[in-house]
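Nothing here was measured: the structure is a model prediction, and the numbers come from that model. Numbers here are sequence positions counted from 1.
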Amino acid sequence: MEFLSETSAFYTLVHNIFSFVFILSAIVFIHEYGHYWVAKKCGVKIESFSIGFGKEIFGWNDKSGTRWKVSYIPLGGYVKMYGDENAASTPDKKKLKKMTEEERRISFHTQALWKRFLIVLAGPAANYIFAIIVIAIFFSVYGKPFTAPIVSGVQKDSAAETVGLQIGDKIISVDGDKVKSFEQIKGIVSLHPDIEIELSYEREGKVIETNITPKKQSSKDIFGDEVEIGLIGISSEKMEYRKLTPMQGVHNSFLEVYDLSAKTLQALGQIVTGQRSSDQISGILRIADYSGKSVEQGIRVVVWFMAILSVNLGLVNLFPIPMLDGGHLLLYIIEGVRGKPMSDKAQDYLFKFGFALLIALMLFATFNDLKYFKIF
């Protein structure tokens with residue numbers, strides 16, 4: 001039957017959905033388990049641990065009374081702690097007023113400020129720890145790509161030729177960041193299509209500084225999708241994969257994750273200032289598409305994609321938006337500075353604003369996805 005063939009739209013849709021559900025559920029589990037583990041260590045009772053939202057599909061109770069379950073809407077998950085009114089961790093004010101001293105000891109909202117802060121921070125932290133471990137293993141087992149930052153070729157009519165770069169020049173820094181490999185140069189330059197940046201290089205022992213504007217060009221990412229990147233028109237030879245020791249792997253993995261987070265924030269800043277198209281903000285439809293494509297390329301690509309997605313989930317959750325972990329952390333910081341929490345009314349307004357903002361961003365990202373798939 002043609003609709004079941006691997007080239008049919010129906011097969012692609014089903015394949016992408018199942019890939020997306022599997023990958024996102026794994027990343028969400030890691031995130032929520034961070035909250036769960038630290039909450040348990042702080043003596044908080046966990047009522048339920050859910051992968052997905054909505055009605056429960058199946059589940060079971062553990063010996064401590066926690067309900068572990070899988071729900072119908074696979075777009076996230078939550079840990080409901082004792083004293084929570086809902087999955088968004090809104091305090092159940094009526095229940096809190098009637099709690100006994102023993103119940104208050106196991107309730108989340110009656111814990112010391114530093115405990116609540118750590119419990120909320122643990123979710124994004126778990127995502128970052130997972131990514132660092134995965135990337136460190138890749139660097140130790142498969143090696144880290146390395147190409148010396150020495151120019152071996154200059155493209156005709158390129159930005160590099162315009163500023164006078166020559167074969168043999170050693171690139172020292174790009175956009176103010178010191179570079180030790182050609183991969184670092186490529187990573188920085190690609191984020192600046194048609195945006196002037198500083199460039200420092202060494203020639204015959206002399207350091208030369210100049211400004212260069214990478215030319216905007218369409219390129220294909222690892223999933224075969226068209227993306228706009230910046231190019232200056234230089235090449236370098238002899239790329240090698242250097243296997244790292246476990247300690248080197250962890251160190252380089254930490255730097256890789258930090259660099260990915262910094263570049264993501266930089267790209268968002270460029271979108272806000274109009275230097276980069278907002279069309280690049282993607283939603284669940286494109287993530288599902290990428291999930292399917294990563295599965296097609298094998299387990300190594302899947303695990304690497306999960307690590308990158310985990311970093312992005314951890315980073316986004318740290319944004320100071322009410323409803324997200326970062327919003328809760330911001331309220332705890334304010335509480336620490338003031339010596340008391342914000343009023344219930346103020347928090348209510350903030351959470352409503354955060355909810356509206358998240359819905360608006362989700363709709364905007366979905367609209368971008370629909371344009372990407374040429375539905376509009």
>> For a 4.5 angstrom cut-off between non-hydrogen side-chain atoms, does Phe138 reach Ser253?
In response: no
> Has Lys95 got its NZ or CZ under 6.0 Å from the middle of the six-membered ring of Tyr82, at an angle within 45 degrees of the ring axis?
Replying inline: yes
> For the rings on Trp304 and Tyr142, is their centre-to-centre separation under 6.0 Å?
Replying inline: no
>> Would the distance check show the side chain of Ser140 and the main-chain N or O of Ile137 forming a donor-acceptor pair, the cut-off being under 3.5 Å?
In response: no
> When Ile23 is tested against each of Ile287, Val302, Val303 for side-chain contact (heavy atoms from CB on, under 4.5 Å), which residue passes?
Replying inline: Val302
>> What I'd like to find out is whether the side chain of Asn127 reaches to under 4.5 Å of the side chain of Val311, using heavy atoms alone.
In response: no
> Do the side chains of Asn368 and Arg286 get nearer than 4.5 Å, heavy atoms only?
Replying inline: yes
>> Measuring only between side-chain heavy atoms, which start at C-beta, is His192 closer than 4.5 Å to Gln266?
In response: yes
> Checking Thr245 side chain against Gln248 main chain: does a donor-acceptor pair fall under 3.5 Å?
Replying inline: yes
> Under the 3.5 angstrom rule, does the side chain of Thr66 hit a backbone N or O of Ile46 as a donor-acceptor pair?
Replying inline: yes
>> Would you say that Lys55 contacts Ile73 through its side chain, given a criterion of any heavy-atom pair below 4.5 Å between the two side chains?
In response: no
> Quick one: does Asn312's side chain have a donor or acceptor within less than 3.5 Å of a partner on Ile308's backbone?
Replying inline: yes
Using atom types as modelled, flag every donor-acceptor pair under 3.5 Å from a side chain in residues 114-122 to any protein atom, sequence neighbours excluded.
residue, atom, partner, partner atom, Å
Arg116, NE, Gln111, O, 3.0
Arg116, NH1, Glu335, OE1, 3.2
Arg116, NH2, Glu335, OE2, 3.0

> Does Phe130 have any ring-ring contact (aromatic ring centres under 6.0 Å, His included) partners at least two apart in sequence or in another chain, and if so, which?
Replying inline: none
>> Quick check against the 3.5 Å criterion: does Ser236 have a side-chain atom that pairs as donor or acceptor with the backbone of Ile150?
In response: yes
> Given the side-chain rings of Phe49 and Phe29, with only the six-membered ring counted for Trp, is the space between their centroids under 6.0 Å?
Replying inline: yes
> Are Tyr33 and Tyr36 close enough that their ring centers fall under 6.0 Å?
Replying inline: yes
> Is it true that a side-chain atom of Asp84 and a backbone atom of Met81 form a donor plus acceptor pair closer than 3.5 Å?
Replying inline: yes
> Do Asp325 and Pro124 come within less than 4.5 Å of each other through their side chains, counting heavy atoms only?
Replying inline: yes
> Which is it for Lys45 and Glu103 under the salt bridge (charged side-chain N to carboxylate O under 4.0 Å, His left out) test, yes or no, and what are the steps along the way?
Replying inline: CA-CA 9 Å; Lys45 180 181 178 181; Glu103 288 174 327; over 6 Å; no
>> Suppose clustering is done on Ile, Leu, Val, Met, Phe, Trp and Tyr with side-chain heavy atoms closer than 4.5 Å. Which residues sit in the same group as Ile188?
In response: Val151, Val154, Val163, Leu165, Ile171, Val174, Val179, Phe182, Ile185, Val189, Ile197, Leu199, Tyr201, Ile208, Ile212, Ile232, Ile234
> Taking Ser152 for the side chain and Ser235 for the main chain, is one N or O donor matched with an acceptor at less than 3.5 Å?
Replying inline: yes
> Got a donor-acceptor contact below 3.5 angstrom from the Glu56 side chain to the Gly59 backbone?
Replying inline: yes
> Mind checking whether His328 and Phe351 have ring centres under 6.0 Å apart?
Replying inline: yes
> Is a side-chain donor or acceptor of Thr273 paired with a backbone partner of Gln270 at a separation under 3.5 angstrom?
Replying inline: yes
> side-chain contact (heavy atoms from CB on, under 4.5 Å) between Lys69 and Trp60: does it pass, once the steps are laid out?
Replying inline: CA-CA 7 Å; Lys69 58 184 179 179; Trp60 64 93; over 6 Å; no
> Is the side chain of Asn252 donor-acceptor paired with the backbone N or O of Gly249 at a distance under 3.5 Å, no angle test?
Replying inline: no
